[in-house]
Amino acid sequence: QVQVVESGGGLVQPGGSLRLSCAVSGSRLSANAMGWYRQAPGKQRELVATINSGGTTNYADSVKGRFTISRDNAKNTAYLQMNSLKPEDTAVYYCNAARYALGWYDTWGQGTQVTVSS
């Protein structure tokens with residue numbers, strides 16, 4: 001049962017850009033908010049950006065001014081535009097959905113690898 005499929009990662013040089021996509025299906029289509037997480041090797045998974053059903057966005061301090069989260073409900077897709085990438089952005093990026101009463105779903109997609117290196 002697949003409900004999120006992340007794509008768009010790759011290898012880029014510092015200062016480069018990538019756009020990640022998250023195709024959503026199943027019960028997560030009715031979620032109140034979407035979010036992007038990332039996890040670097042040996043580190044905890046961290047929340048990078050969120051967007052709610054009204055379009056309100058929030059970002060981790062480390063990515064403010066560089067990343068933009070958006071969603072296209074007609075395409076059942078969430079996006080993360082990443083600009084001015086830094087080596088410390090290197091991680092596996094995951095998409096998830098949240099509901100007010102239940103929080104984030106406890107299952108995850110395969111993620112998409114982002115590597116920023118010269």
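Proximity of W36 to E6: side-chain heavy atoms (C-beta onward) are separated by under 4.5 Å at one or more points. Annotation: side chain of Q110 is not in contact with side chain of V92 (no heavy-atom distance under 4.5 Å).
Shown here for T50 and I69, the closest heavy-atom pair between the two residues is O-CG2, 3.5 Å. When every heavy atom of A60 is checked against every heavy atom of L47, the shortest pair comes out as CB-O, 3.7 Å. When every heavy atom of C95 is checked against every heavy atom of V4, the shortest pair comes out as O-CG2, 3.8 Å. Here the closest non-hydrogen pair linking S118 and P14 is N-CD, 3.7 Å. Looking at every heavy atom in both residues, Y59 comes nearest to K64 through O-CE, 3.2 Å. Contact record, M34 with C22: CE-SG, 4.4 Å, taken as the closest heavy-atom pair.
Salt-bridge check for K86 with D89: failed, with every basic side-chain N at 4.0 Å or more from each acidic carboxylate O.
Rounding to the nearest 0.5 angstrom, the gap separating the CG atom in N32 from the CD1 atom in I51 is 13.0 Å. To the nearest 0.5 Å, atoms OG (S25) and CG (N76) are separated by 8.5 Å. The CG atom of L18 lies 8.5 Å from the CD atom of Q81; values are rounded to the nearest 0.5 Å. Atom OH of Y79 is separated from atom CZ of R71 by 12.0 Å, given to the nearest 0.5 angstrom. With values rounded to the nearest 0.5 angstrom, L20 atom CG is found 12.5 Å from T77 atom OG1.
No donor-acceptor pair closer than 3.5 Å links the side chain of T90 to the backbone N or O of T115. The backbone N or O of A91 lies less than 3.5 Å from no partner atom in the side chain of R38, so there is not a single donor-acceptor pair.
The aromatic rings of F67 and Y93 lie tilted to each other, with the angle between the two planes from 30° to 60°.
In the model, W104 has a side-chain atom that pairs as donor or acceptor with a side-chain atom of Y37 under 3.5 Å. S17 and N83 are linked by a side-chain donor-acceptor pair at a separation below 3.5 angstrom, with hydrogens and angles left out of the test.
Around the CD atom of Q44, the shell of radius 6.0 Å holds no more than 12 heavy atoms that belong to other residues, nucleotides or ligands.
Linking ILVMFWY residues whenever their side-chain heavy atoms come closer than 4.5 Å, directly or via other members, leaves Y94 and V48 in distinct clusters.
In terms of the side chain to side chain donor-acceptor pair (under 3.5 Å) criterion, residue partners of R28 (sequence neighbours excluded) are, by chain and number, N96, T107.
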